[in-house]
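Every chain is numbered from 1, with letters handed out A, B, ... down the list of sequences.
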Number of protein chains: 2
Amino acid sequence: MRLLLIEDDTSLAEGIRTALKPEGYTVDWLADGQQAFHGIKNEVFDLLLLDLGLPGLDGLSLLKKIRAEGKNLPVLILTARDAIADRIAGLDAGADDYLIKPFDITELKARIRALLRRSAGRAQTSLQLGELELNPQNQQVIFQQQPVNLTRREFALLHELLNQPGHVFTRDHLQQLLYGWEEDVESNALEVHIHHLRKKLFPSLIRTLRGIGYVLDKDAQP
Amino acid sequence: MRLLLIEDDTSLAEGIRTALKPEGYTVDWLADGQQAFHGIKNEVFDLLLLDLGLPGLDGLSLLKKIRAEGKNLPVLILTARDAIADRIAGLDAGADDYLIKPFDITELKARIRALLRRSAGRAQTSLQLGELELNPQNQQVIFQQQPVNLTRREFALLHELLNQPGHVFTRDHLQQLLYGWEEDVESNALEVHIHHLRKKLFPSLIRTLRGIGYVLDKDAQP
DNA sequence: CACAAAAATTAAGGCTAGCTTAAGGCGCAC
DNA sequence: GTGCGCCTTAAGCTAGCCTTAATTTTTGTG
């Protein structure tokens, strides 16, 4: 899962990123609303964490612009002002949820999970495919009744694939999922992670599309 | 599927080509409107990606000339100017859709798919013929309930044939489909691919028209 | 029926994307 | 500070795809 955080308070932003990283999210960060708008237009994110009260293009206007573009991205508003009017304005402008600063980081995590779940159009919290089950809440993967230890990257990959079995993910997409804008990975790290997943689960789970990317087949069997 | 990209910004053009290749499109590229007009007159493309604001013959004039020729090619306009007047002019001149730069590459892909689907006059995304089903989204082919592994070239060929069962495709057309202008294939590669398709599916699927090309019979049976 | 042209068949070889493996470094926790 | 585990890197390997080319079969024609 790839999130975009738009927040002008540097230390808060750092804190949020550090807190979300262990959850397996890739969090890109921008402090400026105008930049954020371009970012959203050109890249694919799963969720937007938006601070109201930004310099440049303010949060509410940004949100309106995004919705005007027809983007259906889930947006979670962070706001210091607890004025009711503000919250209502935010929700009216197309936000999906809001959180008042200062907030508890665990609540943030919970709400992010809820929004992602909702946007995927799912009621239950865990993803299942045959004998494989992935639970985003506690980062657990169970295969054939046995818990499987996956690392952060492995989990992130499997999570993405499992979100849309049968959908083709290009190598590019998966790399961005793992690395965001941070580093430029000039190696075969992605392939290594795929390899580890196949080893820990079963080889035929992930099908390679040569020159394209990877798919998780709906009827994959060990 | 063979697309023609007319764009004078080299790096953007490269980017688009790289992004579309994994989707299975063959993308030929021209930077000049005049050349493009000749290209379109003499070759067969499935879709045109057209940058407005070209040197030589500008995009709008090119589009008008194409339509004047009676060509029914789907045209997707790319434009940096977001002036409403421009878009309207583009659509009036016969464009089928437009995208404003800078655009999201995934949106470009989605719109290309939509246009191709529309131009093929189909609602569903997967192509079916008897017990054979081809899904362009996830590059999968199913025959008699069993998934069939096709390579990139085989898939591209079958995709083309399946798009218009009963339509005769010349050898020349199919070769250009696979190779564009890039390389010149001086061998019987096409025949070999056809052979492989017949082997993996069933021989009578593709009928040979000696001296002309190939057809996929509408009522082909194993 | 014989011949030529076209297409089918088959196998081989090169190439490249992806796989595998191992090592080193870095960060994090204790 | 130290140890452990995860991640990246890199190098060598594998396998599958594509083309080529030689040979055989088919088809159409005189």
note: Ile212(A), atom CD1; dT16(C), atom P; distance rounded to Å ~ 18 Å
Quick test: give all pairs of protein nitrogen or oxygen and nucleotides 8-12 of chain C nitrogen or oxygen below 3.5 Å, distance rounded to 0.1 Å.
unit_1, atom_1, unit_2, atom_2, d
dA8(C), OP1, Arg198(B), NH1, 2.6
dA8(C), OP1, Arg198(B), NH2, 3.3
dA8(C), OP1, Thr208(B), OG1, 2.6
dA8(C), OP2, Tyr214(B), OH, 2.8
dT9(C), OP2, His195(B), ND1, 2.6
dT9(C), O4, Asn188(B), ND2, 2.8

With sequence neighbours left out, the residues meeting ring-ring contact (aromatic ring centres under 6.0 Å, His included) with His196(A) are none
Whole-Å distance, Leu197(B) CG to dC18(D) P, equals 11 Å
note: Leu178(B), atom CG; dC18(D), atom P; distance rounded to Å ~ 9 Å
Exercise. Given dC7(D), is OP1 or OP2 found less than 4.0 Å from the side-chain N or O atoms of Thr151(A)?
Worked result: yes
**Item:** Phosphate-side-chain proximity, Tyr179(B) and dT19(D), N/O vs OP1/OP2 below 4.0 Å
**Value:** yes
In whole angstroms, the gap separating C1' of dC18(D) from CG of Leu177(B) amounts to 16 Å
Whole-Å distance, His193(B) NE2 to dT20(D) C1', equals 11 Å
For this session: Could you tell me whether Arg2(A) and Asp46(A) make a salt bridge, using a distance below 4.0 angstrom between a side-chain N and a carboxylate O?
Result: no
Asp51(B) and Lys101(B): CA distance, side-chain angles, deciding distance, side chain to side chain contact (heavy atoms under 4.5 Å, CB included) verdict: CA-CA 10 Å; Asp51(B) 180 24; Lys101(B) 295 184 198 173; 3.1 Å; yes
With the side chain defined as heavy atoms from C-beta on, Arg152(A) is closest, among dC7(D), dT19(D), dA17(C), to dC7(D)
Rounded to whole Å, the CD-P distance (Gln175(B) to dA7(C)) equals 11 Å
When you check the gap from the basic side-chain N to the acidic O, do Arg113(B) and Glu23(B) get nearer than 4.0 Å?
yes
Review point. Is Tyr214(A) close to Leu157(A) at the side-chain level, that is, under 4.5 Å between some pair of heavy atoms?
Key: no
From the candidates dT9(D), dT19(D), dA6(C), the one with an atom nearest any side-chain atom of Arg210(B) is dA6(C)
- prompt: Are Thr18(B) and Asp172(A) side-chain neighbours, meaning at least one heavy-atom pair lies under 4.5 Å?
  reply: no
note: Lys200(A), atom NZ; dG5(D), atom P; distance rounded to Å ~ 12 Å
When rounded to whole Å, the CG to P distance for the pair Leu190(B) and dT19(D) reads 10 Å
Within the 4.5 Å heavy-atom criterion, are Glu160(A) and Phe155(A) side-chain neighbours or not? no
